[in-house]
Number of protein chains: 2
Amino acid sequence: MSETTPTADTRPAEDGGAPAPRRRVNRREQILRTAADAFATQGFNNTSLADIAAMLDITPAGVLHHFGSKTALLTAVLELRDDTDPAPEGSRMLDHLVATAERNAERPGTTQLYAVLSAESATDRHPAQEWFRDRFTVLRQEIGDAVLDRLDPRDRAAAATPGPDGRTPAGEAAAAIIAVMDGLQVQWLLDPEAVDMAAVTETVIDALVARLSDQG
Amino acid sequence: MSETTPTADTRPAEDGGAPAPRRRVNRREQILRTAADAFATQGFNNTSLADIAAMLDITPAGVLHHFGSKTALLTAVLELRDDTDPAPEGSRMLDHLVATAERNAERPGTTQLYAVLSAESATDRHPAQEWFRDRFTVLRQEIGDAVLDRLDPRDRAAAATPGPDGRTPAGEAAAAIIAVMDGLQVQWLLDPEAVDMAAVTETVIDALVARLSDQG
DNA sequence: GTCTATAGCCTGATAGAC
DNA sequence: GTCTATCAGGCTATAGAC
């Protein structure tokens, strides 16, 4: 996934055996990080190329050179995330989610980026619409599996059985867990003192798992 | 809350005893509905006064005449809601929430309006920030009370007891319920087939109430 | 009370310099 | 490969016509 193509600066220095100090990374990546920051704090629609350009002391067209369009820049920003967030498989993933909620409270920027953009993407013909739809589909699947993994084996079959609408109880629990995390982010961004994202996430996961275990 | 000031058209007709047919309502309200629609489908930042004006066959300035600024128009749109959504008190409110989720699936416009705007409001200095912060505060309180109301009396004290951070278990459950509803809306807007908002909302409410009952 | 004309700024993107 | 100059169009809001 590495869009991180090194420039000449990353070559070993010719004047010695020491590794090059990487004074300046690729301009492209510099723009990417700046844009992520701007989209997070202002939303995509409300951020202009001029805003981003100004932070880097170049002109808007300078930004466009590297990405071609504002939409392409957004796509690149969203894909940036995949590198930095490795999710474990199986039932440990649920613990990972709680840890993520905890970490999110320390990184308001990233939290804001996804909370704001995911909702914004639900508007007509938004460029990030497909990206978020796919992301939610994958997440529901993965977290649904993780929920099944945590269940007692004899409860597992029932939770994995689709109803007439094709949805499984485990899948619905997954949708709920994702929804709680996203919804809490908005509440927390507006009023950090009012909610404890990690604690509430954990409570909901436990409550849902307990419910899937009690059914019989 | 009635901003609905009737115009001359709503006077009883002078030519007979029959009530006036109200052919045309206040222009202001006409604009309000159109704006709500536009904000819902495009987001606030991505909607121009020209968009709204075009739907009414007037100029952007014609819109501004009635509200003074685009921000004021947004505020008016948000306050419109209060008229049409009476929430019952007590534990019946939880049933009302499930019913609301069900109704939301039939009104994509309104659903989108609040899902998109609430997240968008979490960006820097957004004009609707205070409105949504207050709204969430009130909702957490009301739904927290409703949760307490549904509990068995002997579980109630524990659920209403604040921890060291000042938050009560019932309040956290309330935050979770609101979060689930909001988060589900985004998933549903992006992929209506993938989630059943009402069913999942009900599941989460039941699971959380059960958990608050089981604690001892 | 209702709205248009117009101003003045800001937008994303193309064409082309180095 | 990196970026600036420039453009045509869109933006909100003021001033004032009816």
Side-chain angles (χ1 to χ4, degrees), chain A residues 2-11 22-35 38-39 41-77 120 123-128, chain B residues 2-11 22-35 38-39 41-77 120 123-128:
Chain A
S2 104
E3 225 103 52
T4 316
T5 315
T7 59
D9 286 336
T10 60
R11 283 178 301 133
R22 233 190 209 264
R23 289 190 233 156
R24 242 225 273 169
V25 284
N26 207 347
R27 196 69 197 247
R28 189 190 158 90
E29 194 161 339
Q30 213 173 358
I31 294 174
L32 225 39
R33 271 197 289 265
T34 306
F39 291 161
T41 52
Q42 305 180 332
F44 172 72
N45 283 320
N46 203 32
T47 300
S48 67
L49 295 175
D51 291 342
I52 297 162
M55 299 187 213
L56 297 163
D57 268 309
I58 57 176
T59 63
V63 174
L64 273 185
H65 160 70
H66 295 271
F67 296 92
S69 76
K70 196 190 173 191
T71 293
L73 175 56
L74 172 60
T75 303
V77 164
E120 191 177 295
T123 56
D124 290 356
R125 279 172 309 174
H126 193 282
Chain B
S2 104
E3 227 103 52
T4 316
T5 315
T7 58
D9 286 333
T10 60
R11 282 177 302 133
R22 233 191 210 261
R23 285 190 236 160
R24 243 228 272 173
V25 282
N26 206 347
R27 198 66 197 251
R28 188 188 158 91
E29 194 160 340
Q30 213 174 358
I31 294 174
L32 225 38
R33 271 197 288 265
T34 305
F39 291 161
T41 53
Q42 304 180 331
F44 173 73
N45 284 319
N46 202 32
T47 300
S48 68
L49 295 174
D51 292 341
I52 298 163
M55 299 186 214
L56 297 163
D57 268 309
I58 56 176
T59 63
V63 173
L64 273 186
H65 161 70
H66 295 271
F67 296 92
S69 76
K70 195 190 172 190
T71 294
L73 175 56
L74 172 61
T75 303
V77 164
E120 190 177 296
T123 56
D124 289 357
R125 278 173 308 175
H126 192 283

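All chains are named by letter (A, B, ...) in the order of the sequence lines, taking the proteins before the strands, and each is independently numbered beginning at 1.
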- Looking across every strand, which nucleic acid part, if any, lies under 4.0 Å from B:Leu49 by heavy atom: base, sugar-phosphate, or nothing? sugar-phosphate
- Between C:dA13 atom P and A:Ile52 atom CD1, what is the distance in whole Å? 11 Å
- To the side chain of A:Ser69, which of C:dT11, D:dT4, C:dA13 is closest? C:dA13
- What integer distance in Å separates A:Arg28:CZ from D:dG1:C1'? 13 Å
- For B:Ala128 against B:Leu74, the heavy-atom pair lying closest together: CB-CD2, 3.9 Å
- Roughly, in whole Å, what's the span from CZ in B:Phe44 to P in D:dC11? 13 Å
- Just by distance, do the side chain of B:Thr47 and the backbone of B:Ala38 share a donor-acceptor pair under 3.5 Å? yes
- Message: Testing the basics here: between B:Gly43 and B:Glu120, what is the closest heavy-atom pair and its distance to 0.1 Å?
- Response: CA-OE1, 4.0 Å
- Which of C:dC3, D:dT4, C:dT4 is nearest the side chain of B:Ala61? It is C:dT4
- Query: Is A:Thr47 touching bases, backbone alone, or none of the nucleic acid, heavy atoms closer than 4.0 Å?
  - Reply: sugar-phosphate
- Query: Which whole-number value in Å describes the distance from B:Leu64 CG to D:dA15 P?
  - Reply: 13 Å
- Message: Whole angstroms only, please: what is the CG-P distance between B:Leu73 and D:dA13?
- Response: 10 Å
- Query: When rounded to the nearest 0.5 angstrom, what is the spacing between CD in B:Gln42 and CG in A:Asp124?
  - Reply: 6.5 Å
- Message: Whole angstroms only, please: what is the NE2-C1' distance between B:His65 and D:dA13?
- Response: 14 Å
- Are OP1 or OP2 of C:dC3 and a side-chain N or O of B:His66 less than 4.0 angstrom apart? yes
- Value in whole Å for how far the C1' atom of D:dG10 lies from NZ of B:Lys70: 12 Å
- Message: For B:Lys70 versus B:Phe44, what's the shortest heavy-atom pair and its separation?
- Response: NZ-O, 3.0 Å
- Task: Between C:dT2, D:dC3, C:dT4, spot the one nearest the side chain of B:Ile58, thanks.
- Result: C:dT4
- Given atom CG of B:Leu56 and atom C1' of C:dT4, what is their separation to the nearest angstrom? 15 Å
- Just to confirm, is there a sub-4.0 Å distance from OP1 or OP2 of D:dG10 to any side-chain nitrogen or oxygen of B:Ser48? no
